[in-house]
Amino acid sequence: MYYQPEIETASPEKMREIQSERLQKMVRNCYNNVPFYKKKFDEMGLKPEDIASIDDIVKLPFTVKQDLRDNYPYGLFAVGRDKLVRIHASSGTTGKQTVVGYTKEDMLHWSEGAARAIVAAGGTANDFIHVSYGYGLFTGGLGLHYGAELVGAINIPVSSGNTPRQLQIMQDFESDILCCTPSYAMYLGESLREMGISPDAIPLRAGIFGAEAWSENMRLEIEKALGIKAYDIYGLSEIAGPGVSYECSEQNGMHVCEDYFYPEIIDPDTLEVLPDGEYGELVFTCIGKEALPLVRYRTRDISYLVREKCACGRTLVKMMKPRGRSDDMLIIRGVNVFPSQVEHVILSLGMEPNYQIIVERENNLDTMTVCIEMSEKFFSDEISQIAAVEKKISSAMLSTLGVGSKVKLVEPHTLPRSEGKAVRVVDKRRI
Ligand code: DLL
């Protein structure tokens, strides 16, 4: 039920002790080995000795993605080549990619996070773990891969792509737990249905899905399409990779591996730390990391923290499903819109989660068009009512988002499918 009960169910006092000790060590590492941090601390008149416990974290400066870009590729590393054992990088749709590095110890801690996630999703040493996250510089594939091996489970490193082959392997190799993005899980479910295979015919029992924001409704769709329990997993390459936090049997918020990755929620404008339960920007400090010890890294992800003992028995603080990223947030005629809100409306009206949001500017005015794919059934049964359904979705969208949008129902299989992270927004204003 737990992978490391001594940590996952530790008392708050014990956890603070671990965090305080690790933070002090980390700050010394930053000061002595990363010129970028030494300069920052000196400018603030801050010495490593000023950090005596985890409460002193608020004295430390923030780090942002641009700092990694400015110091590309290895400028923020605290160790030399002799201690590094692995490099990963984030795809980086804008600007340079972000390069991250790990020592042997870092690899172990990251793998422990992924192992905790697998066990929390019900995985055991007897399970076949089907890893369909991409392998390579992206942390998804290799993150779950090492996690599965640490659990002692049987890892099937399929990587992404070739959907019919994925389904064949799932059936023939008896995969128990599937690991991929939620949008790819949905696509696998859709392909099963098209091939006339019942979800009961595949042995899968659970899935560990993350790397992008997904709604509760999407969880229900996936669970139905694949006949499994769907668990969320969160992570980012700058901090480690998948397994920074993970869901348990309660499927309600992700336990943060706070012994390695200390979370805070801040107001992105004032940079003040917000109390538990309030939405804000998630910030992590890599208190257990040697190679890339980032201090108060601003993730841009919008979430909130819950610090109650969970029914699963874990005491680790929970972060609730990220609502999206502050940089994914669209501002449509002055109104803030998250793609996840659009997804919520679409799914709550019984449509399938194949949609794309297109934002344009006409005569200096923002316009938002939501293209939603019809299911085969809908397409044949209700073709005469398309205009009425579009109107219904559009008015639901207006009342939820507070801004008008055009809704366009499109034919089945006309929107692009993704084997990794889905592209939900096409913002032509920036092109
Ligand atoms: O996506 C690591 C990962 C791989 C996580 C596999 C989970 C599973 P990056 O490519 O660096 O790393 O992207 C990190 O993805 O800041 C979030 O915006 C988003 N993200 C990751 N997991 C979730 C999740 C990997 N469960 C960025 N829910 C993060 C919402 C997520 N967003």
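Both ligands and their constituent atoms are indexed starting at 1 by order of listing. Keep in mind it's a predicted model, so treat the numbers as computed, not measured.
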Distance in Å, N29 CG paired with Q24 CD, rounded so as to fall on 0.5 Å steps: 13.5 Å

Please determine whether any non-hydrogen atom of R300 lies less than 4.0 Å from an atom of ligand 1. no

Any N or O of I233 closer than 3.5 Å to N or O of ligand 1: yes

Out of C180, A211, A117, G140, the nearest non-hydrogen contact to atom 7 (C) of ligand 1 is supplied by A211

Residue pair Q251 / E216, side-chain donor-acceptor N/O under 3.5 Å: no

Using the ring pair (Phe, Tyr, Trp, His ring centres under 6.0 Å) rule, pick out the option among F261, Y260, Y102 that qualifies with H109. Y260

Under a 4.0 Å threshold between the charged nitrogen and the carboxylate oxygen, would R298 count as salt-bridged to E238? no

Any nitrogen or oxygen of Y133 lying under 3.5 Å from a nitrogen or oxygen in ligand 1? Just yes or no. no

Proximal candidate to atom 28 (N) of ligand 1 [heavy atom criterion; set E212, M254, E238]: E212

Heavy-atom nearest pair, K40 first then D67, reads NZ-OD2, 4.2 Å

Should one rank I302, D301, D232 by closest heavy-atom distance to atom 29 (C) of ligand 1, which comes out on top? D301

I'd like to check whether W214 has a polar contact with ligand 1, where a contact means an N/O of the residue lying under 3.5 Å from an N/O of the ligand. no

For R219 and Y231, which heavy atoms make the closest approach, and how far apart are they? NH1-CA, 4.3 Å

F138 heavy atoms, cut-off 4.0 Å: which ligand 1 atoms fall inside? 1 (O), 4 (C), 10 (O), 25 (C)

Using salt bridge (charged side-chain N to carboxylate O under 4.0 Å, His left out), reason through K14 and E6 one step at a time and then give a plain yes or no. CA-CA 10 Å; K14 173 79 189 148; E6 70 289 359; over 6 Å; no

Is any side-chain N of the basic residue among D259 and R116 closer than 4.0 Å to the acidic one's carboxylate O? yes

Could you check whether any heavy atom of P322 sits closer than 4.0 Å to an atom of ligand 1, since that is the contact criterion I want to use? yes

Do ligand 1 and S237 have nitrogen or oxygen atoms that lie under 3.5 Å from each other? yes

Does ligand 1 have a heavy atom under 4.0 Å from the side chain of L236, from its backbone, from both, or from neither? both

